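Scroll down for the structure; my scribbles are underneath it.
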Amino acid sequence: MKQLLIEPIGVAIHTRKEEQGSNYDWCVQAGTLQLFELADKVYATVLRGEEIGNLESTKFAIIRKNKRLGLLIANMPTTRSHFAGGAISTTLYLEFNAPEQSVLDAIATLLSPIEHSQLQLFCNYAEEIFNSKDATIIPAIQFYPVHIPDEPIVKKTGCVFSSNGSRERYVSFVANLPNNFCFISTGYVKLHQYQEIKDILQCKTLLLTTGEVVTPPTCLTWLNLFFILMFTTATVVVYEYARTELQKQAREYKEAKKQEELKNRIADLTNRLAAAQKEKSAAESSFREKEKEVTELQEKLLKVQTVTEATGTTSATENAGVAAPPSTTVAPTAPPSKSEEYNDFETWLLTEAVDREGNSTGKTIEDVLRDSGESFKQWLNNNKRSSNKKSLWSKWSREYPEPAYFLENYCSEFTDRYNFSTEDYCEKYQEYRKKKLHDTRTFEGS
């Protein structure tokens, strides 16, 4: 029998090494691989051993697309074993330029349940490349063709139940595989797996499975789907209504909370304003009192400055040789000027007052006079001239004329200023002066 020779332009091998820690992976990739990504997704979805049910016949897929032909043979047992003693399998992917009839004839041999030697041929080819030191070299493959029957195929797309022995009738279909088509022979496949691989390939697909058969939905199925759809729609409507109401309540709650916070803030600012106004009124009242005190102190300071200036003028006059008025004169015939005498008396009134024991009272003589409530005449009678230098009278008795002299010359000014009593001291003093003058003349005549 004549042998066929096929020459792949790209190869990839999925296996593992014997050493511990090694994992299954596409450990070899060489040549040109345009359909490899699709082949890998087909392998992971419907050909990988741990995902798909067991199958004695070969698990493989052939993809014809974009003038390329990809052949994927999955989970071929090898003679190698890993560190735990388990067998190592290998998956081979080959890519060819299409159309090449010899390639399709070679793939068709995989559907024969008795031609296990063809599967071993591809397994040995994969192991040879895996163990080669130069994995970039892609050798050709030689094989013997099988008989291709002319049995027609009715089902050409979809997911079809097929036992191991009934797959041989698809040999003629694989040998004449149309363009933009994927043929898959595998184990037990569920509905969702077939739908997933159909979405991945996006081309016409024929998948042979040993299990679940995809059947079109019945009227009962459509009715169930309708009720499910209605229930789902009602659930979504109720959910959206509830969500809208909850959002509305949340917004209303936030608005109410904001209004409450605003009212509390306004009330707090109002209280602060009232307290500030109260503090302002108190500060203004205190300011007016302090202003009044400052005015009084300024008046007193002005008086002190006036007296000080007058005192300085008197001292200058004494230093120039002007004789001071005698302190023992009872009624001088030529009194000194009113301003000078008045300033002397003012200075005396601002002198610090002491009590009868000589202790400081913390007040001026003027304050003592005003606080005593006595008339000036009463005060003169109660405070006779004393030799005690600490008495209120001592400074006046030493430096100034008798108070009677002051009354005689300045009685009206003093009475108007201090207003000790409504009694007219000036008039009584004039009577006193007349009587004293009469007694003096009588004394001189005798």
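A quick note: this is a predicted structure, and the numbers were derived from the prediction, not measured. We're numbering straight along the sequence, starting at 1.
One finds the CD1 atom of Ile62 at 12.0 Å from the OG atom of Ser185 (value rounded to the nearest 0.5 Å). With rounding to the nearest 0.5 Å, the separation of CE in Met230 from OG1 in Thr235 is 11.0 Å. Distance check: Lys190 NZ to Gln195 CD gives 16.0 Å after rounding to the nearest 0.5 Å. Once rounded to the nearest 0.5 Å, the distance linking CG of Leu71 with CD1 of Ile6 reads 7.5 Å. Expressed to the nearest 0.5 Å, how far OH of Tyr239 lies from OG1 of Thr244 amounts to 9.5 Å. A distance of 9.5 Å separates SG of Cys159 from CD1 of Ile184, quoted to the nearest 0.5 Å.
Counting only heavy atoms from C-beta outward, the side chains of Val11 and Leu92 approach each other to under 4.5 Å. Annotation: side chain of Gln249 is not in contact with side chain of Tyr253 (no heavy-atom distance under 4.5 Å). The shortest side-chain heavy-atom distance between Thr233 and Leu229 falls under the 4.5 Å cut-off. Side-chain contact between Arg64 and Asn179 is present, with at least one heavy-atom pair separated by less than 4.5 Å. A heavy-atom distance below 4.5 Å is found between the side chains of Ile141 and Leu94. Side-chain contact between Phe130 and Thr90 is absent, with no heavy atoms from C-beta onward closer than 4.5 Å.
Taking every heavy atom of both residues into account, Ile88 and Lys17 meet most closely at CD1-O, 3.9 Å. Taking all atoms of both residues into account, the shortest heavy-atom contact from Gly158 to Tyr194 is CA-OH, 3.0 Å. The two residues Gln20 and Phe83 have their closest heavy-atom pair at CA-CD2, 3.6 Å. Heavy-atom minimum distance, Tyr93 versus Gly70: OH-CA, 3.7 Å. Smallest separation of non-hydrogen atoms from Cys182 and Leu201: SG-CD1, 3.4 Å. Of all heavy-atom pairs between Ile13 and Ala126, the closest is CD1-O, 3.2 Å.
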Is there a side-chain contact (heavy atoms from CB on, under 4.5 Å) between Glu289 and Ser285? Walk through the geometry before answering. CA-CA 6 Å; Glu289 292 178 0; Ser285 177; 4.1 Å; yes
Evaluate the side-chain contact (heavy atoms from CB on, under 4.5 Å) criterion for residues Tyr43 and Thr91: first the C-alpha distance (whole Å), next the side-chain angles of each, then the deciding distance (0.1 Å), finally the verdict. CA-CA 9 Å; Tyr43 171 71; Thr91 296; 3.5 Å; yes
I would like to know whether Leu69 and Leu104 meet side-chain contact (heavy atoms from CB on, under 4.5 Å); could you show each step before the answer? CA-CA 9 Å; Leu69 194 68; Leu104 294 175; 3.9 Å; yes
Show the numbers, then the answer: is there a side chain to side chain donor-acceptor pair (under 3.5 Å) between Asn124 and Gln120? CA-CA 6 Å; Asn124 294 338; Gln120 189 63 44; 2.9 Å; yes
Quick one: do Thr78 and Thr15 satisfy side-chain contact (heavy atoms from CB on, under 4.5 Å)? Show the steps, please. CA-CA 10 Å; Thr78 67; Thr15 188; 5.7 Å; no
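Formation of a donor-acceptor pair under 3.5 Å by the Tyr125 side chain with backbone atoms of Gln142 is not found in this model. With hydrogens and angles ignored, the 3.5 Å screen pairs a side-chain donor or acceptor of Thr232 with a backbone N or O of Ile228. Side-chain atoms of Thr209 come within 3.5 Å of backbone atoms of Gly187 as a donor-acceptor pair (strictly under, hydrogens ignored). Distance alone, capped at 3.5 Å, is enough to place a donor-acceptor pair between the Asn75 side chain and the Leu47 backbone. Listed for the Tyr24 side chain is a donor-acceptor partner under 3.5 Å among the backbone atoms of Ser89. A donor-acceptor pair is defined here as one N or O able to donate and one able to accept, closer than 3.5 Å; no such pair exists between the side chain of Arg68 and the backbone of Leu33. Under a 3.5 Å cut-off, the side chain of Gln101 and the backbone N or O of Ala175 do form a donor-acceptor pair. A distance-only check finds a donor-acceptor pair linking the side chain of Thr210 to the backbone of Tyr188 [under 3.5 Å]. Of the possible polar contacts, one joining the Arg167 side chain to the Ser162 backbone as a donor-acceptor pair under 3.5 Å is found. Side-chain atoms of Ser22 never come within 3.5 Å of backbone atoms of Glu19 as a donor-acceptor pair (strictly under, hydrogens ignored).
Proximity of the aromatic rings of Trp26 and Phe36 is defined here by a centroid distance below 6.0 angstrom, and this criterion is met.
The 12-atom threshold is exceeded at CZ of Arg243, counting heavy atoms of other residues, nucleotides or ligands nearer than 6.0 Å. No more than 12 heavy atoms of other residues, nucleotides or ligands sit less than 6.0 Å from atom CD of Glu7. Residue Lys65 qualifies as enclosed at atom NZ: its count of foreign heavy atoms under 6.0 Å is above 12. No more than 12 heavy atoms of other residues, nucleotides or ligands sit less than 6.0 Å from atom CD of Glu37.
Not counting sequence neighbours, the partners of Arg272 by the side chain to side chain donor-acceptor pair (under 3.5 Å) test are Asp268. Applying the salt bridge (Lys or Arg N to Asp or Glu O under 4.0 Å) criterion to Asp199, with sequence neighbours excluded, gives no partner residue.
None of Leu177, Thr157, Val160 except one satisfies the side-chain contact (heavy atoms from CB on, under 4.5 Å) rule with Leu206; the exception is Val160.
Ring geometry for Phe60 against Phe183 counts as tilted: the plane angle lies between 30° and 60°, on a 0 to 90° scale.
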